[in-house]
Asks: 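Quick one: the structure is below, questions incoming.
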2 protein chains.
Amino acid sequence: MISSGDSMAQADDESVLRDTGTPRDTGTLGKLMVLLDLVTHADAPLRFTDILALANQPRGTLHRQLGHLVEEGLIELDAEGRYAPGLRLLDFASRSWARNEFRLIAAPHLAALHRRTGETVHLGVLRGSSIIYLDKVEGHQPVRMYSQIGNASPCYCTGVGKAALSILPSDKLRELLPSLRFTRFTPATHVNAETLLVEIGEIASAGHAFDREEHEAGICCVAAPIWSDDGSFIGGVSVTGPAYRLSMELLHEWAVPIQVTARKIMDEMRIRLGPRR
Amino acid sequence: MISSGDSMAQADDESVLRDTGTPRDTGTLGKLMVLLDLVTHADAPLRFTDILALANQPRGTLHRQLGHLVEEGLIELDAEGRYAPGLRLLDFASRSWARNEFRLIAAPHLAALHRRTGETVHLGVLRGSSIIYLDKVEGHQPVRMYSQIGNASPCYCTGVGKAALSILPSDKLRELLPSLRFTRFTPATHVNAETLLVEIGEIASAGHAFDREEHEAGICCVAAPIWSDDGSFIGGVSVTGPAYRLSMELLHEWAVPIQVTARKIMDEMRIRLGPRR
DNA sequence: GCTGTGAATTCCATTATTTGGAACTTAATT
DNA sequence: AATTAAGTTCCAAATAATGGAATTCACAGC
């Protein structure tokens, strides 16, 4: 059974938010964030030795670093000596989400699009080479929002991601491409920049993008980009569902209402955030 | 109209997760986390000068610290030069939440309790002197989970918080009390340790706690504690709703099913996590 | 109960980063 | 154009992080 119609491939790509090619110049913080990434992106709690093997750090250094992260509540050390993500992260995130203006503006439009289509609607924003899902409107099931909201997925195999890439200025796109680490999630996943670029060109002229089971088998979607003129927001909105229910015809039919929704959100953002952006 | 029956007082207490009395020995990380706390707990995006006034740091130092936090995506600097919480926090948190064992074990029991009572059910865990809400089961409204999940509330004025305090060993309780900063949210809020301790004693013998509109006017709840023998989990489960609908009689009636739910969750945790705990 | 093995933790001289005051640049205001 | 405030950069001194080695701890096998 398909649980909710969105891609749940959460732990299958390492460290998507960290531009692994370009090590950041953030001193001590950067080193600690690498560790936090390791612990939060692992499939299960890690023991000291596991982290020692993954992080390239001497024992003494690693021990103190983990100690600091635990002390601050960013990771937690259980009674079996295993490190897991800390709950303090939830407090930070709930505030980050609650106040996000893009999400607040988009919310009613997502609801309307959900009423129109009856399928799951997602709002995502581009950060680095990942799409972070900011909101979701879903039908009937008791929603488990955290399972998708906040989740970072690769941009090259999601509808919202490809829509976002399609409106990126060409210099920004050229900058981003080398940082992509293509992973074949399904037979339809793009695995090189060439085929991806061809499709991005098509998306740019059409104004909407499809995900033809590229991130998760059996799941497809249609998406439209959302952006601000100054490039400070780049994201998109999508309608997602199981392939057996959503024919390509139906997805094509929805392309227009999705673009209209995207347009409405952009117009409102322009009013709220000032016309310069 | 009461939106969802749970307390939305999110930004009314400063830095609840940080034990302000005892400055942590976490070196550079600790100083950066103070800043992240400031930015995430503020009501609106802050400008450099605002943060300069709040943080006790020289200009040059603060500038570099904020730069590092921005570079890592923990906070974001908008086009107007204002600092806001960063979306990377969402990615960290979604993973922290998705894998949390306590929540996974409790989820079906929360759903059952919700069916039994028809009101909003919360799961919370004690961290420092705050309750962090881990999950929520709500009725009919389109749920906005992040608005409550992840939110940290004071322990002295919430049902789950007082229930948690009631099973704390007395030495731990004595340790925690001095760190409490009592804020009068409503006329019923405890504002000193004395009256709180009296009620905690009553809760300990009864096995359940009430929130009689102590955190938010018009909202009350009944809660039962959940704990592991080794003290590694201390939290609780609660049923919350508007006072006009939930008489004290009704809350008393629900005390038993809530304690049964708490017991079931504890039993299952003991099986899953090993009998020692 | 003793011993051996691997894991985790502590120690401290060396090294690298952070610090903070001041000078400087930029943006906004009169 | 002048004035003031806001934000940014610089660098010697102060502080914190580093990492190799020694120590302690946990536990399985004898």
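Per chain, numbering begins at 1; letters A, B, ... match sequence-line order.
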Asks: With a cut-off of less than 4.0 Å, is there a side-chain N or O of B:His63 near OP1 or OP2 of D:dG7?
Replies: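 For D:dG7, neither OP1 nor OP2 has a side-chain N or O of B:His63 closer than 4.0 Å.
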Asks: Can you tell me if the side-chain N/O atoms of A:Gln65 get under 4.0 Å from OP1 or OP2 in D:dT18?
Replies: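 The answer is yes; a side-chain N or O of A:Gln65 sits under 4.0 Å from OP1 or OP2.
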Asks: Among C:dT19, D:dT8, D:dT18, which is the nearest nucleotide to the side chain of B:Phe48?
Replies: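 Minimum distance to the B:Phe48 side chain belongs to D:dT8.
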Asks: Which listed nucleotide (D:dA17, C:dA7, C:dG20) is nearest to the side chain of A:Thr49?
Replies: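 Output: C:dA7.
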Asks: Output yes when at least one side-chain N/O atom of A:Arg59 is less than 4.0 Å from OP1 or OP2 of C:dA8, else no.
Replies: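 No, no such contact exists.
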Asks: Using whole Å, what does the distance between atom P of nucleotide D:dA14 and atom NZ of B:Lys31 come to?
Replies: 15 Å
Asks: Does the side chain of B:Asp267 come within less than 4.5 Å of B:Arg270's, by heavy atoms?
Replies: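 Result yes, sub-4.5 Å side-chain heavy-atom pair found.
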Asks: Look at the aromatic rings of A:Phe92 and B:His41 and report parallel, tilted or perpendicular, splitting at 30° and 60°.
Replies: perpendicular
Asks: Could you give the CZ-to-C1' distance, from B:Arg47 to C:dA28, as a whole number of Å?
Replies: 11 Å
Asks: Would you kindly say whether B:Glu72 and A:Thr26 are connected by a side-chain donor-acceptor distance under 3.5 Å?
Replies: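 Checked: B:Glu72/A:Thr26 side chains pair up, N/O donor to acceptor below 3.5 Å.
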Asks: If you compare every side-chain N and O of B:Gln57 against the phosphate oxygens of C:dT19 (OP1, OP2), does one of them come in below 4.0 Å?
Replies: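 For C:dT19, neither OP1 nor OP2 has a side-chain N or O of B:Gln57 closer than 4.0 Å.
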Asks: Taking CG from A:Leu66 and P from D:dA17, how many angstroms apart are they, rounded to a whole number?
Replies: 14 Å
Asks: Nearest whole Å is fine: how far is D:dA6 C1' from B:Ile51 CD1?
Replies: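 Value for this atom pair: 13 Å.
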Asks: Between A:Thr28 and A:Gly60, which has a closest nucleotide on DNA chain D that is more 5'?
Replies: A:Thr28
Asks: Mind calculating the distance between CD (A:Glu71) and P (C:dT9) to the nearest angstrom?
Replies: 14 Å
Asks: Rounded to the nearest angstrom, tell me the gap between atom CG in A:Leu62 and atom P in D:dA17.
Replies: 14 Å
Asks: Does any part of the side chain of B:Leu89, heavy atoms only, come nearer than 4.5 Å to the side chain of A:Trp97, both counted from C-beta?
Replies: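 No, every pair of side-chain atoms sits at 4.5 Å or beyond.
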Asks: Which whole-number value in Å describes the distance from B:Glu80 CD to D:dG7 C1'?
Replies: 15 Å
Asks: Measure from CG on A:Asp25 to P on D:dT9 and round the result to the nearest Å.
Replies: 13 Å
Asks: Of all the choices, D:dG19, C:dT10, C:dT18, which nucleotide is nearest to the side chain of A:Thr61 once you look at every atom?
Replies: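 Side chain of A:Thr61 sits closest to D:dG19.
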Asks: Pick from B:Leu176, B:Leu165, B:Leu177: which one makes a side chain to side chain contact (heavy atoms under 4.5 Å, CB included) with B:Ser129?
Replies: B:Leu176
